[in-house]
Amino acid sequence: MAEPMRIGILALQGDVALHQARLAKLSVEAVPVRGADELAACRGLIIPGGESTTFLKLLEAYALGDPLVAFARERPLWGVCAGSILMAAQVQNPAQHALAILPITVRRNAYGRQNESFIATFPLRLPGQGALEQEGVFIRAPQVVAWQPEVAVLAEYGGTPVALQYGHHLATTFHPELAEAETMHRHFLALCGGERLAASSA
Ligand code: GLN
């Protein structure tokens with residue numbers, strides 16, 4: 001029998017419940033992940049927004065850094081905002097450790113402070129599909145300032161990539177769980193091998 005479609009959401013900190021609700025709406029079991037055993041049972045993992053420095057401390061406290069890197073070799077990760085910072089190869093402003101899962105360089109808090117957070121719309125181009133209008137909620141978001149040619153830019157805003165794909169991994173500097181469209185969640189499910197699920201609830 002096929003393995004059930006279980007997607008993890010790293011639940012050390014940050015915006016877990018909205019991703020869980022979004023996946024539940026798409027009929028996918030979404031489980032909070034705080035340990036390596038829970039991680040191993042997932043087909044993919046979302047690292048939600050939050051505060052990347054706090055995530056780094058908690059990853060160490062929960063001994064989850066190495067299991068995450070090992071998991072990413074086999075299965076998809078999607079980093080949202082702080083999650084994309086954790087997955088980067090290099091972090092600026094200030095420099096900090098990251099898991100080097102994506103060959104990108106990000107600059108933290110690149111749009112300014114909390115009250116300079118904003119909502120914008122831009123075209124999102126998923127592989128094999130036409131452009132779709134995507135709403136992006138940016139909350140003290142990073143900017144991707146450099147990326148290797150193997151990284152596909154799925155969307156950009158103001159000349160800067162805001163959604164990227166590298167193999168089976170995704171990164172968005174905005175928060176799709178706060179927008180109406182389910183496009184990014186469906187795309188992640190497709191990368192996790194749930195094409196049928198992602199399409200059937202369309
Ligand atoms: N500013 C946060 C950081 O640097 C990210 C904010 C977010 O995830 N919404 O980690």
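Just so it is clear, the structure is predicted and the values come from calculations on it, not from any experiment. Both ligands and their constituent atoms are indexed starting at 1 by order of listing.
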To check your reading of the model: name the closest protein heavy atom to [atom], its residue, and the distance in Å.
{"atom": "atom 7 (C) of ligand 1", "answer": "Cys81 SG, 2.8 Å"}
{"atom": "atom 1 (N) of ligand 1", "answer": "Asn109 OD1, 2.7 Å"}
{"atom": "atom 2 (C) of ligand 1", "answer": "Gly50 O, 3.7 Å"}
{"atom": "atom 4 (O) of ligand 1", "answer": "Arg108 NE, 2.7 Å"}

Purely on distance, is any nitrogen or oxygen of Ala82 under 3.5 Å from one on ligand 1?
yes
His175: ring pair (Phe, Tyr, Trp, His ring centres under 6.0 Å) partners, not counting sequence neighbours
none
Qualifying side chain to side chain donor-acceptor pair (under 3.5 Å) pairs with a residue from residues 151-171, counting only residues at least two apart or across chains
Gln165-His187
Atoms of ligand 1 close to [X] [distance to a heavy atom under 4.0 angstrom, numbered from 1]:
{"X": "His175", "result": "7 (C), 9 (N)"}
{"X": "Ser52", "result": "3 (C), 4 (O), 10 (O)"}
{"X": "Gly49", "result": "8 (O)"}
{"X": "Ile85", "result": "3 (C), 4 (O), 10 (O)"}

Is the Trp78 ring parallel, tilted or perpendicular to the His19 ring (thresholds 30°, 60°)?
perpendicular
Phe174 vs Phe138 aromatic rings, parallel, tilted or perpendicular, using cut-offs 30° and 60°?
tilted
side-chain contact (heavy atoms from CB on, under 4.5 Å) test vs Leu124 passes for just one of Glu133, Met184, Glu135, namely Met184
Do Ser52 and Gln96 pair up side chain to side chain, a donor and an acceptor below 3.5 Å, judged on atom types alone?
yes
Look only at the side chain of Glu38 and the backbone of Gly35, and say whether a donor-acceptor pair between them is shorter than 3.5 Å.
yes
